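Computed from a predicted model, the values in this text were never measured in an experiment.
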Amino acid sequence: MALEITPDITEQLLDALVCQGWFEWPHAVTDELCQALLDEVQFYDEEGALQKAGIGRGQVHQLNQEIRRDQIKWLNGSTLAQTTYLQQMAQLQYQLNRALFLGLFEYESHFALYKSGDFYKKHLDSFRGQANRMVTTVLYLNPNWQSDWGGELVIYDEGSSCQLAVIPPEMGKLVVFMSEQIPHEVLPTRKERVSIAGWFRCNNSIAGNIDPAL
């Protein structure tokens, strides 16, 4: 089950990333695969296998319910659905490296479950000059999402508070954006909302030690 990266979609994606830093791709991933991934998240939730998400990385990682309230579980390729999705992201990584010479080295991703009332305030996924997370992806797993349920992804202008896009979290939609360039937030949701957030990373190796995905 391959990602439908047609020449037309590839051109649109690359042009959008270069010109505006983000791209909205409806129906990028099949409903069948999305449903299989959604079933996993619901199982993990029932089993208590999700953990509260924090902000920051490494030694500065902390929980802050005023900024972020989702629950997460990292993908590890342990199921067919996860493996299939990770293979699709590998396809995307190849195209981005081939066309934009980004030097993307690896991909990390996690499920994100937002219960009613949950949100994630405006933030950047990476700060300029750190060169770790370079390109962000968000896949939505929510069937029949209604406009009054909230939970939209808001894309902001890098240099101001101007909203560039308000994107509903509809099943199969993939949003791709430059991690250091695009401020964004998740508005409070009124219904349970599930996504897979992912990041293509560069290899910040020092003395031959590969920078791990923390």
Side-chain angles (χ1 to χ4, degrees), residues 3-4 9 12-13 16 20-55 63-75 79 81-82 84-85 88-89 92 109-125 135-157 161-179 182-199:
L3 196 66
E4 292 295 327
I9 285 292
Q12 291 179 44
L13 168 65
Q20 65 184 22
W22 62 276
F23 180 66
E24 179 182 358
W25 184 356
H27 311 296
V29 176
T30 66
D31 286 356
E32 178 185 11
L33 179 54
C34 287
Q35 186 62 56
L37 293 164
L38 177 60
D39 291 343
E40 284 194 29
V41 179
Q42 292 172 337
F43 172 78
Y44 295 140
D45 185 34
E46 292 171 0
E47 295 294 309
L50 300 173
Q51 62 184 39
K52 291 182 179 180
I55 58 174
L63 298 178
N64 189 329
Q65 294 289 293
E66 298 302 313
I67 295 177
R68 181 179 187 181
R69 293 189 180 177
D70 58 316
Q71 301 174 66
I72 67 170
K73 184 174 178 61
W74 292 91
L75 275 70
T79 67
Q82 289 189 33
T84 301
Y85 181 65
Q88 293 184 354
M89 292 303 97
L92 182 57
S109 58
H110 64 61
F111 294 111
L113 170 64
Y114 290 76
K115 298 290 184 73
S116 180
D118 288 349
F119 57 85
Y120 193 166
K121 290 188 176 180
K122 183 180 177 183
H123 64 284
L124 280 168
D125 283 349
V135 179
T136 299
T137 65
V138 185
L139 172 68
Y140 295 111
L141 306 178
N142 311 293
N144 305 311
W145 192 261
Q146 304 299 307
S147 59
D148 61 345
W149 289 354
E152 297 94 343
L153 175 71
V154 181
I155 299 289
Y156 289 94
D157 178 70
S161 60
C162 178
Q163 294 184 1
L164 301 179
V166 180
I167 301 173
E170 299 160 332
M171 176 176 271
K173 180 180 294 181
L174 186 69
V175 181
V176 184
F177 56 88
M178 305 306 294
S179 305
I182 300 298
H184 56 285
E185 75 171 313
V186 177
L187 298 180
T189 184
R190 301 181 185 90
K191 293 285 185 178
E192 189 170 280
R193 171 196 188 277
V194 182
S195 60
I196 297 177
W199 300 271

Visitor: Restricting to salt bridge (charged side-chain N to carboxylate O under 4.0 Å, His left out), what partner residues turn up for Lys121, sequence neighbours left out?
Guide: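 For Lys121, no residue satisfies salt bridge (charged side-chain N to carboxylate O under 4.0 Å, His left out) once neighbours in sequence are set aside.
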Visitor: Quick one: list whatever passes side chain to side chain contact (heavy atoms under 4.5 Å, CB included) with Glu40, sequence neighbours left out.
Guide: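 Expected list: Tyr44, Thr79, Ala81, Gln82, Phe111.
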Visitor: By ring-ring contact (aromatic ring centres under 6.0 Å, His included), which residues pair with Phe177, not counting sequence neighbours?
Guide: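 ring-ring contact (aromatic ring centres under 6.0 Å, His included) check on Phe177 returns His184.
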Visitor: With sequence neighbours excluded, what pairs up with Glu185 under the side chain to side chain contact (heavy atoms under 4.5 Å, CB included) test?
Guide: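 Residues passing side chain to side chain contact (heavy atoms under 4.5 Å, CB included) with Glu185: Lys122, Val154, Tyr156, Leu187.
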Visitor: Any idea which heavy atoms bring Ile72 and Ala53 closest together, and the distance?
Guide: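 Smallest interatomic distance, heavy atoms only, reads CG2-CB, 3.7 Å.
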Visitor: Which pairs with one or both residues in residues 20-31 pass salt bridge (Lys or Arg N to Asp or Glu O under 4.0 Å), sequence neighbours excluded?
Guide: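 As it turns out, the salt bridge (Lys or Arg N to Asp or Glu O under 4.0 Å) pairs with a partner in residues 20-31, which skip direct neighbours, are Glu24-Lys173.
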Visitor: Excluding sequence neighbours, so at least two apart, what forms side chain to side chain donor-acceptor pair (under 3.5 Å) with Asp45?
Guide: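 Asp45 satisfies side chain to side chain donor-acceptor pair (under 3.5 Å) with Lys115 only.
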Visitor: According to side chain to side chain donor-acceptor pair (under 3.5 Å), who are the partners of Gln51, at least two apart in sequence or on a separate chain?
Guide: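 Partners of Gln51 by the side chain to side chain donor-acceptor pair (under 3.5 Å) criterion come out as none, since no residue qualifies.
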Visitor: Who passes side chain to side chain contact (heavy atoms under 4.5 Å, CB included) against Leu174, sequence neighbours left out?
Guide: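 With sequence neighbours excluded, Leu174 shows a side chain to side chain contact (heavy atoms under 4.5 Å, CB included) to Trp25, Ala28, Tyr85, Met89, Leu92, Thr137, Leu139, Val176, given in chain and number order.
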Visitor: If I compare all heavy atoms of Leu153 with all of Arg193, which pair ends up nearest, and what's the gap?
Guide: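 Leu153 and Arg193 have their closest heavy atoms at N-NH2, 4.5 Å.
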Visitor: Output all residues satisfying side chain to side chain contact (heavy atoms under 4.5 Å, CB included) with Gln42, sequence neighbours left out; order by chain, then residue number.
Guide: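 Gln42 satisfies side chain to side chain contact (heavy atoms under 4.5 Å, CB included) with Leu38, Asp39, Glu192 only.
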Visitor: Can you tell me how far CD of Gln88 sits from OG1 of Thr30, rounded to the nearest 0.5 angstrom?
Guide: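 The CD atom of Gln88 is 7.0 Å from OG1 of Thr30, to the nearest 0.5 Å.
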Visitor: For Asp70, what residues pass the salt bridge (charged side-chain N to carboxylate O under 4.0 Å, His left out) criterion, not counting sequence neighbours?
Guide: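 For Asp70, the residues satisfying salt bridge (charged side-chain N to carboxylate O under 4.0 Å, His left out) (neighbours in sequence not counted) are Arg68.
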Visitor: Going by ring-ring contact (aromatic ring centres under 6.0 Å, His included), name the residues that satisfy it together with Trp145, two or more places apart in sequence or in a different chain.
Guide: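 With sequence neighbours excluded, Trp145 shows a ring-ring contact (aromatic ring centres under 6.0 Å, His included) to Trp149, given in chain and number order.
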Visitor: Going from CE on Met178 to CG on Asp125, what distance comes out if it is rounded to the nearest 0.5 angstrom?
Guide: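 With rounding to 0.5 Å, CE (Met178) is 11.5 Å from CG (Asp125).
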Visitor: With rounding to the nearest 0.5 Å, note down the distance linking CD in Glu170 to CD in Glu152.
Guide: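 Result: 9.5 Å between the selected atoms.
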